[in-house]
Engineer: 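For reference, the structure I am asking about is given below.
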Amino acid sequence: EHVNFGYSGSHGPDHWAENYDTCVGKHQSPINIQEHDVRDINLPLLIFSGLDTPRKFFLINNGHTALLYSSKDNKQFYMSGGPLNGIYVFEQLHFHWGENDREGSEDLINNHSFAMELHAVFYKDKYGSMNDAIHNPDGLAVIAFFFEAEVNDRANPLFDTIVEALPKIEKVGTEIQLSENMHLGHLLNPAGPPSDRMQNYFTYNGSLTTPPCSEVVTWIDFKYPLYLSHLQIAAFRNIRGFEGHKLTHNFRPVQPLSDRRVLHNLP
Ligand code: SG4
Ligand code: ZN
């Protein structure tokens with residue numbers, strides 16, 4: 001197995017720039033979002049289409065995260081509006097977590113680290129594919145959901161299908177089809193649309209949070225977290241990374257904001 005990057009030791013975030021120049025760029029992600037520094041604005045409605053189509057999903061351990069993608073045979077999932085120009089097509093979603101529930105998110109809010117962060121990655125339709133989109137400054141948009149560990153330790157049943165499948169992708173490179181079709185609308189917006197939850201977000205221009213750290217991402221971070229139980233979060237820490245070690249954490253530390261300004265959309 002070839003390890004191109006990791007989260008500790010000689011492959012850790014401090015070493016990424018040795019092989020990937022862009023990782024020391026000025027517009028990197030993640031960042032610490034300070035609410036007293038954000039600019040409140042009224043952006044156009046963020047629009048989702050195909051969010052309510054139940055889909056067949058595949059879950060894969062790629063050595064860096066647990067990642068879900070959907071076959072493109074049914075109606076695709078699109079996003080537009082908000083800070084975006086044009087239409088963005090859903091590609092995959094994946095998670096970042098930490099060694100314990102007090103850390104794990106990539107972006108922070110007011111220095112607060114959440115236990116986990118879900119990223120749904122979209123590419124701009126006009127570029128036709130992920131590979132081509134990644135070479136353009138407006139190529140990608142990622143929507144991010146923060147997770148807290150539920151204080152009463154109640155499980156979030158909407159995530160059971162994913163959590164229960166994790167032991168089956170323990171080894172790097174393993175992949176399975178989820179037993180049940182997944183409804184992203186329920187997963188990400190449990191109150192059910194229409195709702196303000198997905199209009200209350202921070203947005204800024206940044207990068208992929210892993211090598212090659214390309215500065216091509218419009219980030220959209222929903223302000224209100226979702227909940228999982230401690231045990232549901234812990235299940236992610238058991239999948240293996242390269243060299244067979246447990247992937248106990250896979251978040252990048254925050255990067256300088258530099259000359260950027262984070263916007264907060266007022267729903
Ligand atoms: C994760 O490592 C995913 O496995 C990568 O997806 C993803 O790269 C990478 O994170 C960076 O994405 O939303 N955190 S992020 O900025 O989506 C891309 C794959 O390698 C390009 C497929
Ligand atoms: Zn990510």
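Just so you know, residue 1 is the first one in the sequence shown, and it goes up from there. Counting convention: from 1, in listed order, for ligands and their atoms alike.
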Engineer: Please work out, at 4.0 Å between heavy atoms, whether the side chain, the backbone, both, or neither of V121 comes within that distance of ligand 1.
Structural biologist: side chain
Engineer: Could you name the option among E106, H64, Q92 that has the heavy atom nearest to atom 5 (C) of ligand 1?
Structural biologist: Q92
Engineer: Within a radius below 2.8 Å of the Zn ion (ligand 2), how many protein N, O or S atoms are present?
Structural biologist: 3
Engineer: Without hydrogens or angle criteria, can the side chains of N238 and K246 be said to hold a donor-acceptor pair below 3.5 Å?
Structural biologist: yes
Engineer: Quick check for you: to the nearest 0.5 Å, what is the distance between L43 atom CG and T203 atom OG1?
Structural biologist: 7.0 Å
Engineer: Any idea which protein heavy atom is nearest atom 20 (O) of ligand 1, and the distance to it?
Structural biologist: N62 ND2, 4.1 Å
Engineer: Would you please say whether a donor-acceptor pair under 3.5 Å links the side chains of H119 and E117?
Structural biologist: yes
Engineer: How many angstroms lie between atom CD of Q92 and atom CZ of F122, to the nearest 0.5 angstrom?
Structural biologist: 10.5 Å
Engineer: Taking only non-hydrogen atoms of E91, do any sit less than 4.0 angstrom from ligand 1?
Structural biologist: no
Engineer: Please write down residue, atom name and distance for the protein heavy atom closest to atom 13 (O) of ligand 1.
Structural biologist: H94 CE1, 3.3 Å
Engineer: Among L93, V216, T210, L140, which one puts a heavy atom closest to atom 9 (C) of ligand 1?
Structural biologist: T210
Engineer: Taking 4.0 angstrom as the limit and counting only heavy atoms of M130, give me the atoms of ligand 1 inside it, by number and element.
Structural biologist: 17 (O), 21 (C)
Engineer: With a 4.0 Å heavy-atom cut-off (strictly under), which part of L67 contacts ligand 1: side chain, backbone, both or neither?
Structural biologist: side chain
Engineer: Any heavy atom of H96 closer to ligand 1 than 4.0 angstrom?
Structural biologist: yes
Engineer: Taking distance alone, with no angle check, do W219 and ligand 1 share an N/O pair under 3.5 Å?
Structural biologist: no
